Number of protein chains: 2
Amino acid sequence: MVSNKQVILRNYISAGFPKETDLYVTTGDIELKLPEGSNGILVKNLYLSCDPSMRPRMKKLEGSYVNSFTPGLPISGYGVSEVLDSGNPEFKKGDLVWGRTGWEEYSLITAPHLFKIQNIDMPLSYYIGILGMPGMTAYVGFYELCSPKQGEFVFISAASGAVGQIVGQFAKLLGCYVVGSAGSKDKVDLLKNKLGFDEAFNYKEEPDLNVALKRCFPEGIDIYFENVGGEMLDAVLLNMRIHGRISICGMISQYNLEKPEGIHNLIQLIVKRIRMEGFLVLDYYHLYPKFLEMIIPRIKEGKIVYVEDIAEGLENAPTALVGLFKGHNVGKQVVAVTRK
Amino acid sequence: MVSNKQVILRNYISAGFPKETDLYVTTGDIELKLPEGSNGILVKNLYLSCDPSMRPRMKKLEGSYVNSFTPGLPISGYGVSEVLDSGNPEFKKGDLVWGRTGWEEYSLITAPHLFKIQNIDMPLSYYIGILGMPGMTAYVGFYELCSPKQGEFVFISAASGAVGQIVGQFAKLLGCYVVGSAGSKDKVDLLKNKLGFDEAFNYKEEPDLNVALKRCFPEGIDIYFENVGGEMLDAVLLNMRIHGRISICGMISQYNLEKPEGIHNLIQLIVKRIRMEGFLVLDYYHLYPKFLEMIIPRIKEGKIVYVEDIAEGLENAPTALVGLFKGHNVGKQVVAVTRK
């Protein structure tokens, strides 16, 4: 038996921002050996991912595509892990994997949604970021849904986040004009100075988002990569160009509200002949090998960079996760359980 | 000189339902001969179309894809007309045409957006209905945008209107399960008994649209053909199936409001991976010959029928037009200027 530190959900959180006290860290124990006859996988977790989609799972959900967390048990999400023992012929001791795991030091995974990590010359934490779900999300939401073309005007909200920063760099590589919004001066600087965006603004300092968008896009927006919802979406609708496309990846501004804000400008979909489409990356994992083939060389050549915000240790995991919904992270929020 | 009865807009109407007194009928006069050297077309108007898209033109619009009407001048819209004199080589005296014309007995058309009517064995009024813009709108919005498949669940709002009744029949011909909403018992009866819808309901008598939709679609909706917007769209979003499609043709419930209602359930676009797309039929007129080839035989065989609500004479035109926004018409609202 060894000790196993875990991050537990105290109770369901129906509305409002999650607080650190909604989670707690405790220490259980675990046998570092699979039970006799198990076809599960025992892993040591290395990196855990803080994702916006974890907020809905803190509510009591019914009939959703995801399951609620269970109060009193460790929460779960995407992670990078090392296989310690395996009853599943697809994985063996020593494999590095990414996929669904628990927020704890060690997890026994019985229904694996795991990818084996082949390219170990990349930072391992990238597999919960640019080389994992967020990277695939950017790839699918931009290339598959937006039909982007060189020279088009692209706007990305939550642009310095795990997904947004990749979408912006994809759009720049294609020769688009790219603007991002974010919630602090540091993030805006990052977008302009490190990530190569043509323009960026701090939405918290704009008294009128419509005015901000008109300033950045005097000719209008061809493609909007939507991460936030609410007021921003309404303002974007007023600034779309004819035959524009909106890829709806997330609506993080709405996840903590009891009732989502109303969107008033949908008539623009007709006037401007706009296509607006939501997606879930889980429908597209058959494209994952093609995606890796495209992105790994670009990372190696320095044409695409990735900014992470790494919290050290499970003790700091609750702060990191609740901070995500307040926008405290600059770049992809990662929890390093242990460094490898 | 002959007298020329005309329907005039008194003043811009910013918000609220148009009233009959917002329009008036007057009699001017007109020379039934083109001015020397004109390349225009002089027509006698036979049928005029009452269309929801005429409501925005009663406001003072800026930067829209349509022009506002001019207070003090006749309003304009789609009509079926006979050419009396032509300075345009594409049209000659005696031709029957449909397209943009004035709400008056005779119009001098200088920038023609007109189609020559070839199949004169059809009722001429059909060319502002099933064989004209509304027919093309149904065709494009359903076949081009919705990717419909046999057996799918299709919902249509304003289903007995000029466009909705055609969409419903297209969907039935394809083997879909089709439900429509409308605003009176007569309309609901029409949908169920004459137009072949599987089910229909009167939205004005449903205390909860979500409940009504769940009753009609226990398995959910694959395709929504949107004509009304507002509360109905919000309820539909809750009832869409995975990979559903929403074709946004119009939002008539919103046209008379100062500020459009808010739509709160767009998060469903992500959860259900829904594609929602607005369109304008004017982008698709290259498909018109193909459309006629498809629909005319089906009308002749009685596989598709068309219900019109015809007001007689320009004197009754204001009542007919304002009645459209109150839902007084049963079927496509037409004004017969003179019978041919």
Side-chain angles (χ1 to χ4, degrees), chain A residues 52-53 55-56 61 63-66 137 140-141 144-145 214 220 226-231 233-234 237-240 242-255 257-284, chain B residues 52-53 55-56 61 63-66 137 140-141 144-145 214 220 226-231 233-234 237-240 242-255 257-284:
Chain A
S53 59
R55 177 65 187 86
L61 295 173
S64 178
Y65 67 100
V66 287
T137 300
V140 164
E144 296 291 311
L145 273 79
K214 284 206 163 38
E226 165 70 302
N227 287 311
V228 302
E231 209 188 331
L233 177 56
D234 245 349
L237 284 165
L238 296 176
N239 287 282
M240 290 297 290
I242 286 176
H243 296 126
R245 288 133 274 152
I246 300 177
S247 174
I248 307 198
C249 171
M251 293 189 164
I252 195 172
S253 76
Q254 306 298 298
Y255 298 164
L257 304 176
E258 188 112 29
K259 183 179 182 183
E261 289 176 87
I263 301 298
H264 298 271
N265 296 325
L266 288 177
I267 194 78
Q268 296 297 326
L269 297 183
I270 305 179
V271 178
K272 306 282 182 60
R273 303 84 136 171
I274 295 166
R275 189 177 73 215
M276 183 151 116
E277 191 166 355
F279 71 101
L280 291 178
V281 67
L282 57 86
D283 292 337
Y284 294 89
Chain B
S53 59
R55 176 65 187 89
L61 294 174
S64 178
Y65 67 101
V66 289
T137 300
V140 165
E144 296 290 313
L145 273 77
K214 284 208 162 38
E226 165 68 303
N227 287 311
V228 303
E231 207 188 336
L233 176 56
D234 245 348
L237 283 166
L238 295 177
N239 287 280
M240 291 298 289
I242 285 176
H243 296 127
R245 287 133 274 153
I246 300 179
S247 173
I248 306 199
C249 171
M251 293 191 165
I252 195 171
S253 76
Q254 305 300 298
Y255 297 166
L257 304 178
E258 188 112 31
K259 182 179 181 182
E261 288 176 87
I263 301 297
H264 298 270
N265 297 325
L266 289 177
I267 193 79
Q268 295 297 325
L269 297 184
I270 304 178
V271 178
K272 306 282 182 58
R273 301 85 136 172
I274 295 166
R275 189 177 72 216
M276 182 152 121
E277 190 166 354
F279 70 102
L280 291 176
V281 66
L282 58 84
D283 292 336
Y284 295 88

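Keep in mind it's a predicted model, so treat the numbers as computed, not measured. Naming convention: chains lettered A, B, ... in sequence-line order (proteins, then strands); numbering from 1 in each chain. Hydrogens, waters and symmetry mates are skipped; everything else that's a heavy atom, side chains included, is used.
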Notebook entry, point to check: For A:Ile242, is it the side chain, the backbone, both, or neither that has a heavy atom closer than 4.5 Å to a heavy atom of chain B?
Noted result: neither
Next item on the list: Could you tell me which portion of A:Asp234 (side chain, backbone, both or neither) has an atom closer than 4.5 angstrom to a non-hydrogen atom of chain B?
Entry: neither
Next item on the list: Among A:Ile274, A:Ile248, A:Ile263, single out the residue with the greatest number of heavy-atom pairs under 4.5 Å to chain B.
Entry: A:Ile263
Margin query: Tell me which of these, A:His264, A:Gln268, A:Glu226, has more heavy-atom pairs under 4.5 Å with chain B than the rest.
Written below: A:His264
Notebook entry, point to check: Of all residues at least two apart in sequence or in a different chain, which pass the side-chain hydrogen bond (donor to acceptor under 3.5 Å, both in side chains) check with A:Asn227?
Noted result: none
What's the separation between atom [atom1] in [X] and atom [atom2] in [Y], rounded to the nearest 0.5 Å?
X	Y	atom1	atom2	answer
B:Met251	A:Leu266	CE	CG	5.0 Å
B:Leu145	A:Arg273	CG	CZ	12.0 Å
A:Ile246	B:Glu277	CD1	CD	11.5 Å

Next item on the list: Please report the shortest heavy-atom distance between B:Ile270 and A:Phe279, naming the atom on each side.
Entry: CG2-O, 3.6 Å
Next item on the list: Just jot down the side chain to side chain contact (heavy atoms under 4.5 Å, CB included) partners of B:Glu261, sequence neighbours excluded, or say none.
Entry: B:Glu231, B:Ser253, B:Gln254, B:Leu257
